[in-house]
**Student:** 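Sharing a structure, written as structure tokens. Questions coming.
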Amino acid sequence: MELAYIPSPSSGVLYLGPVPLRGYAFCIIIGVFVAVWLGNKRWIARGGRAGTVADIAVWAVPFGLVGGRLYHVITDYQLYFSEGRDWVDAFKIWEGGLGIWGAIALGALGAWIGCRRRGIPLPAYADAIAPGIAIAQAIGRWGNWFNQELYGRATDLPWAVEITSSADGRMPGTYHPTFLYESLWCIGVALLVIWADRRFTLGHGRAFALYVAGYCAGRFWIEYMRVDEAHHILGLRLNNWTAVLVFLLAVLYIVLSARKRPGREAVVEPGAGDGEGPAADAGQTDGGAAGKDASAEDATDTDDATDTDDAGRPGKSEKPDESEGPAEPEESKDGAGSAKKA
């Protein structure tokens with residue numbers, strides 16, 4: 001008899017009157033809000049405008065949800081299109097089933113569209129939101145707990161999760177809580193990216209690539225523990241091979257990008273600092289003071305340029321006054337004076 005375990009909820013749906021609140025969807029929504037909040041803070045710190053992350057997320061999130069669902073349905077098509085299955089269930093996203101690989105791929109397409117409309121480089125945006133995406137995944141994984149899905153092999157460890165449902169081939173018992181393992185791993189990846197970004201000044205998409213590589217490393221061993229139905233290639237689950245391939249691509253990108261474009265972008269959002277914020281106000285104040293100083297200097301130069309006599313009155317110009325006629329020649333020192341030529 002197990003002395004301790006993580007109990008599963010009796011139902012994944014709470015009702016607010018006639019409105020159903022599904023735990024899976026609720027976790028995804030919370031994750032999105034946290035990702036946008038943290039991404040906005042990081043974007044501002046990089047020199048961008050407040051609100052830009054949310055504006056682009058309007059494009060990225062719907063694309064990501066569609067991409068995640070498509071990947072799940074394509075790779076687990078037998079759950080929806082085999083004999084005895086209803087293909088309409090493929091649209092019931094609230095029942096679970098989002099593939100992170102498809103979500104990131106199509107979400108990146110949506111983010112690219114949003115960035116292009118704002119004149120923003122996609123790699124800079126991706127670097128800002130990378131830790132937030134990892135935390136969103138950490139929160140979203142608890143949706144699997146509400147649905148009693150994606151657990152690992154049977155175990156009697158104190159942190160095992162209890163599965164009580166027998167639907168879709170489940171066997172009640174206690175299993176490795178792979179959803180919990182992945183949630184904790186994603187939090188660790190988020191902290192790693194934040195630290196490395198500050199320590200090495202990552203830019204041009206390298207912070208996002210580090211998130212991808214870190215997540216794939218954890219997803220490989222977590223995926224290996226899962227016992228839900230999946231396609232296998234050479235003895236490994238399809239998602240294991242996907243994790244290996246994406247991990248190698250992410251590491252390759254980090255190496256090549258660091259050689260080709262070291263450092264971080266100097267400007268992430270064109271015009272973000274023009275006429276906005278405290279810096280701009282300070283600039284205007286400094287400019288006004290400088291203008292006053294310049295006026296004072298001009299006035300001083302004008303006073304210095306005016307000749308004055310000993311009494312302080314303005315003196316006459318050294319140029320002779322032509323109205324008084326030409327100056328007469330002085331007498332010669334020998335007293336003979338000057339004579340006209342014959």
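Numbers for residues simply follow the sequence, beginning at 1. Not measured: the values here are computed from a predicted model.
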**Student:** Less than 4.5 Å apart, side chain to side chain, heavy atoms only: is that true for Ile233 and Leu238?
**Tutor:**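 They are in side-chain contact.
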
**Student:** For the pair Ile56 and Trp43, evaluate side chain to side chain contact (heavy atoms under 4.5 Å, CB included) and give the outcome as yes or no after the intermediate values.
**Tutor:** CA-CA 12 Å; Ile56 297 176; Trp43 184 251; 6.0 Å; no

**Student:** Can you tell me if OH on Tyr224 sees more than 12 non-hydrogen neighbours from other groups inside 6.0 Å?
**Tutor:**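 Not buried by this count: 12 neighbours or fewer within 6.0 Å.
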
**Student:** Pairing donors with acceptors under 3.5 angstrom, does anything connect the side chains of Tyr211 and Gln137?
**Tutor:**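 Judged by distance alone, the side chains do pair up.
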
**Student:** For Phe33, does the CZ atom have more than 12 heavy-atom neighbours from other residues, nucleotides or ligands under 6.0 Å away?
**Tutor:**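 For Phe33, atom CZ is not crowded (no more than 12 foreign heavy atoms under 6.0 Å).
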
**Student:** Rounded to the nearest 0.5 Å, what's the gap from CD1 on Ile129 to CD1 on Ile135? Could you check?
**Tutor:**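 Between Ile129 CD1 and Ile135 CD1, I get 12.5 Å after rounding to 0.5 Å.
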
**Student:** Between Val268 and Gly48, which heavy-atom pair has the shortest distance, and what is it?
**Tutor:**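 Here Val268 and Gly48 meet closest at CG2-N, 3.7 Å.
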
**Student:** Establish, from distance only, whether the side-chain atoms of Arg264 and Thr201 form a donor-acceptor pair under 3.5 Å.
**Tutor:**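 Per modelled atom types, Arg264 and Thr201 side chains form no pair under 3.5 Å.
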
**Student:** Above 12 or not: heavy atoms from other molecules or residues under 6.0 Å from CH2 of Trp87?
**Tutor:**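 No, not enclosed.
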
**Student:** For Tyr77 and His231, does a side-chain donor sit closer than 3.5 Å to a side-chain acceptor?
**Tutor:**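 Side-chain D/A pair, Tyr77 to His231: absent.
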
**Student:** Working to the nearest 0.5 Å, report the span between OH of Tyr80 and NE2 of His72.
**Tutor:**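 Result: 2.5 Å between the selected atoms.
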
**Student:** Taking all atoms of both residues into account, what is the closest heavy-atom pair of Leu236 and Trp241, and its distance?
**Tutor:**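 Distance-wise, the nearest heavy atoms are CB-NE1, 3.4 Å.
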
**Student:** Throw together a table of side-chain donor-acceptor distances under 3.5 angstrom for residues 118-126, partners on residues two or more places apart or in other chains.
**Tutor:**
from	atom 1	to	atom 2	distance (Å)
Arg118	NH1	Asp55	OD2	2.9
Arg118	NH2	Thr52	OG1	3.3
Arg118	NH2	Glu269	OE2	3.4
Tyr125	OH	Val53	O	3.1

**Student:** With rounding to the nearest 0.5 angstrom, report the CH2 to CG distance, Trp185 to Leu192.
**Tutor:**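 Answer rounded to 0.5 Å: 9.0 Å.
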
**Student:** Might you work through the side chain to side chain contact (heavy atoms under 4.5 Å, CB included) test for Thr75 and Trp101, ending with a clear yes or no?
**Tutor:** CA-CA 11 Å; Thr75 55; Trp101 316 112; over 6 Å; no

**Student:** Looking only at atom types and distance, does a side-chain atom of Asn144 sit under 3.5 Å from a main-chain N or O of Glu149, one as donor and one as acceptor?
**Tutor:**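 No.
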
**Student:** Which atom pair, heavy atoms only, marks the closest approach of Gly114 to Trp59?
**Tutor:**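 Closest pair (atom of Gly114, atom of Trp59, distance): CA-CD1, 3.9 Å.
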
**Student:** Any side-chain heavy atom of His176 within less than 4.5 Å of one from Val227?
**Tutor:**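 Heavy-atom side-chain distance check fails, nothing below 4.5 Å.
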
**Student:** Identify which one of Leu202, Leu210, Asp127, Ile133 satisfies the side chain to side chain contact (heavy atoms under 4.5 Å, CB included) criterion when paired with Val193.
**Tutor:**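 Of the listed options, the one satisfying the test is Leu210.
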
**Student:** To the nearest 0.5 Å, tell me how far Tyr253 OH sits from Lys260 NZ.
**Tutor:**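 Separation between the atoms: 9.5 Å.
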
**Student:** Measure the spacing between CD1 of Ile254 and CZ of Phe200 and express it to the nearest 0.5 Å.
**Tutor:**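 The CZ atom of Phe200 is 11.5 Å from CD1 of Ile254, to the nearest 0.5 Å.
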
**Student:** Mark yes when over 12 heavy atoms from residues, nucleotides or ligands other than Phe91 sit less than 6.0 Å from its CZ; otherwise mark no.
**Tutor:**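 Counting neighbours around CZ of Phe91, 12 or fewer heavy atoms of other residues, nucleotides or ligands fall under 6.0 Å, so no.
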
**Student:** Is there a path of hydrophobic side-chain contacts, each under 4.5 Å between heavy atoms, that joins Ile93 and Val61?
**Tutor:**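 Same cluster: Ile93 reaches Val61 through Ile, Leu, Val, Met, Phe, Trp or Tyr contacts under 4.5 Å.
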
**Student:** Listed by chain and number, what are the side chain to side chain donor-acceptor pair (under 3.5 Å) partners of Lys41, not counting sequence neighbours?
**Tutor:**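 Lys41 satisfies side chain to side chain donor-acceptor pair (under 3.5 Å) with no residue once adjacent residues are dropped.
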
**Student:** Looking at Ala128 and Pro131, what are the two nearest heavy atoms and their distance?
**Tutor:**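 Nearest heavy atoms, Ala128 then Pro131: O-CD, 3.9 Å.
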
**Student:** With rounding to the nearest 0.5 angstrom, report the CD to CD1 distance, Glu182 to Ile100.
**Tutor:**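 CD1 of Ile100 is found 8.0 Å from CD of Glu182.
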
